[in-house]
There are 2 protein chains.
Amino acid sequence: MPYDPSTFPPFAVTVDLVVLTVRKDALCSLVVRRGEPPYQGRWALPGGFVRDDEGLEVAASRELAEETGLLHSQATEGHRGGAHLEQLATYGAPQRDPRMRVVSVAYLVLAPDLPSPVAGGDARSARWAPSDALLDASEGLGRDAEQQAPLAFDHGQILQDGVERARSKIEYSSLATAFCPPEFTVGELRRVYEAVWGVALDPRNFHRKVTGTPGFLMPTGGTTTRQGGRPAQLFRTGEATVLNPPMLRPEA
Amino acid sequence: MPYDPSTFPPFAVTVDLVVLTVRKDALCSLVVRRGEPPYQGRWALPGGFVRDDEGLEVAASRELAEETGLLHSQATEGHRGGAHLEQLATYGAPQRDPRMRVVSVAYLVLAPDLPSPVAGGDARSARWAPSDALLDASEGLGRDAEQQAPLAFDHGQILQDGVERARSKIEYSSLATAFCPPEFTVGELRRVYEAVWGVALDPRNFHRKVTGTPGFLMPTGGTTTRQGGRPAQLFRTGEATVLNPPMLRPEA
DNA sequence: GATCATAGTCGTCTCCCTGACGATAAACAG
DNA sequence: CTGTTTATCGTCAGGGAGACGACTATGATC
């Protein structure tokens, strides 16, 4: 069967972004309000069409820059100097967009808490929203007053997959540092784990684990008291990308 | 920006399959010989176009049935009664197909060793080939005489990603049983791990681990001597899908 | 039929990691 | 100065994994 335009159906291909950050001890996702039908006025994940001369990851990176203003990823699978960006999964159910056949390649972005919350760019009305609130809305539809409307399209599912990916990936990789500023303390890193997993971790065991894993953290020599209490050592992300043995997530 | 056909470029969307099995203590992949240019005569992964009313996983399942004749997956994320099928990743570099812009959603299939090697269907010239030979060919280009030509398109990369996914996933899931017949022995399961990882495992520690993990293996009561030696107990896959703690892959 | 090779199964011992938790250190607020 | 907060060091018991020894039950070979 030759590749003749008449023998295959044309698809629109988009990228959608699950952009996660930790703000005020909560895992938050970037969402934008839709200005047009369908799902007009509802929250959705940022995203857009892939251009015809553009790779998928390049498109994701471009959309990220457009939506967040400043962020951008770097090289392959990297997160230094920007946010971490990786492909999440692809969604292509025939009726996921009522207008036409769209296949969407979702990307997962892990970003440090941005000083300027979603400033700049063509971001119409973008905001950070706690991930669990968005997911609750997409599951149990409207239980109490504070309930939000679920995300547009199948974005609730995409967000859920992205959050789950992030939760599992920080277990066995050093990716949690992507949520931290360039220099951070052990306590700040622990609060990232606690926010993403939604559990409390023992500060002493956590400290032993992360400082005892070779290549995970590199001391910078400096200290800070920005969290109050006794001054804490500052660290940078080390060379290690995988954590072996992994950080164990309490079952609960 | 409305979804107007004139505002977005049309893409062809295909599914490609990384079909893995264990044959004669080696991890093998299903490859088909290309009958047309480009890459005419070269080996490639099986795959084809997604139809315009068809979901991605449905398309993958259909292609699998067409290529292998008998296999088919079942329900969501299931592998009982057939092969395990899961989405792997999506590849969409602008020039990956010289004829046109194609985005390919790759699926990973784990199948037991089929009695009829790739019989039936429209499978022109399909065969099982050891995965490491295919990957060697795609990396170090033509070193010695036995060298094969690398896979067509970016299928070498896709295969590599699929193999790596399989290798890591049997660590923390019961997926290795997807390579086994419905009833199997602990030794057969161990040989699966050894083939996929390319390492030797201690039979005694392996036995303790798999029989000690609740829900991993269900004894059927029967025994077999098909491997020679002392009769071994037969097991079926249990309810557990995740292995916690995981099966540790020797570092080496 | 005795012997051997092959696989399977049960135990033991030690090391390391983890979870639980006590204790100390260094900042700030009153 | 005292209490509060956060960081950091130490100790101890339990569980899992690697390294192996020992025994069992088949088929193959002489």
Side-chain angles (χ1 to χ4, degrees), chain A residues 24-25 170-172 180 183-195 197 199-235 240 242-252, chain B residues 24-25 170-172 180-181 183-195 197 199-236 240 242-252:
Chain A
K24 314 210 283 194
D25 292 335
I170 63 174
E171 285 189 68
Y172 57 89
C180 295
E183 296 198 353
F184 54 90
T185 70
V186 173
E188 289 165 347
L189 183 61
R190 176 170 49 81
R191 275 179 280 277
V192 164
Y193 274 91
E194 291 177 332
W197 284 345
V199 298
L201 300 175
D202 185 289
R204 297 158 291 189
N205 292 336
F206 184 85
H207 188 276
R208 177 182 59 189
K209 174 69 177 173
V210 297
T211 57
T213 300
F216 190 7
L217 300 182
M218 303 289 291
T220 68
T223 61
T224 183
T225 60
R226 61 182 170 226
Q227 297 293 338
R230 169 176 166 180
Q233 263 187 280
L234 284 170
F235 294 90
V242 299
L243 258 48
N244 203 347
M247 179 91 58
L248 295 181
R249 164 160 44 161
E251 34 237 274
Chain B
K24 314 211 283 191
D25 293 334
I170 64 174
E171 285 188 69
Y172 57 89
C180 294
E183 296 198 352
F184 55 90
T185 70
V186 173
E188 289 165 347
L189 183 61
R190 175 170 49 82
R191 276 179 280 277
V192 164
Y193 275 90
E194 292 178 329
W197 284 345
V199 298
L201 299 175
D202 185 288
R204 298 158 292 191
N205 292 336
F206 183 86
H207 187 275
R208 177 183 58 190
K209 174 68 178 174
V210 296
T211 58
T213 300
F216 189 6
L217 300 182
M218 303 288 291
T220 69
T223 62
T224 182
T225 62
R226 61 183 170 222
Q227 298 292 340
R230 169 175 166 179
Q233 274 189 84
L234 284 170
F235 293 90
R236 235 186 293 275
V242 300
L243 257 49
N244 203 347
M247 179 90 58
L248 294 181
R249 165 161 41 161
E251 34 239 273

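In the text below, chain A, chain B and the rest are named by the order of the sequence lines, each starting its count at 1.
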Worksheet item: Just how far, in rounded Å, is C1' of dG8(C) from CG of Asp202(B)?
Response: 12 Å
Discussion item. Within the 4.5 Å heavy-atom criterion, are Arg191(B) and Cys180(B) side-chain neighbours or not?
Written reply: no
Worksheet, complete the sentence: Here the distance between atom P of dT6(D) and atom CD of Glu194(A), to the nearest Å, is 11 Å
Worksheet item: At their closest point, which heavy atom of Met247(B) faces which heavy atom of Val210(B), and how far apart are they?
Response: CE-CG1, 3.7 Å
Worksheet, complete the sentence: The residue, Pro231(A) or Gly228(B), whose nearest nucleotide of DNA chain D is more 5′ is Pro231(A)
Worksheet, complete the sentence: All heavy atoms of Gln233(A) vs all of Thr223(A), minimum pair found to be CA-CG2, 4.2 Å
Worksheet item: Quick one: on DNA chain D, does Thr225(B) or Asn205(A) contact a more 5' nucleotide (nearest heavy atom)?
Response: Asn205(A)
Discussion item. Using whole Å, what does the distance between atom P of nucleotide dG19(C) and atom CZ of Arg249(A) come to?
Written reply: 13 Å
Worksheet item: Any donor-acceptor pair under 3.5 Å joining the side chain of Arg208(B) to the base of dG18(D)?
Response: yes
Worksheet, complete the sentence: note: Leu217(B), atom CG; dG8(C), atom P; distance rounded to Å ~ 14 Å
Item to complete: Give the minimum heavy-atom separation between Thr220(A) and Glu183(A), together with the two atoms involved.
Response: CG2-OE2, 3.7 Å
Discussion item. Checking contacts here: which listed nucleotide (dG8(C), dT18(C), dA17(D)) is nearest the side-chain heavy atoms of Leu248(A)?
Written reply: dT18(C)
Worksheet item: Would one find a side-chain N or O of Lys209(A) under 4.0 angstrom from OP1 or OP2 of dT18(C)?
Response: yes
Discussion item. Over all strands shown, is Arg190(A) touching base, sugar-phosphate only, or nothing at heavy-atom distances under 4.0 angstrom?
Written reply: sugar-phosphate
Discussion item. From CG of Asp25(A) over to P of dT6(D), roughly how many Å is that when rounded to an integer?
Written reply: 10 Å
Worksheet item: Which whole-number value in Å describes the distance from His207(A) NE2 to dA25(C) P?
Response: 16 Å
Worksheet item: Phe206(A) has an atom CZ; how far is it from atom P of dA7(D), in whole Å?
Response: 11 Å
Practice prompt. Establish whether the base of dA25(D) is bridged to the side chain of Arg230(B) by a donor-acceptor pair shorter than 3.5 Å.
Written response: no
Worksheet, complete the sentence: Leu234(B) CG to dG8(C) P, in whole Å, measures 11 Å
Discussion item. Check this for me: does the side-chain of Arg204(A) come within 3.5 Å of the base of dG10(D) through a donor and an acceptor?
Written reply: no
Response to the item:
In short, Val186(B) meets His207(B) closest at the heavy-atom pair CG1-CD2, 3.8 Å
Worksheet item: Contact class for Arg191(A) (heavy atom, under 4.0 Å): base, sugar-phosphate, or nothing?
Response: sugar-phosphate
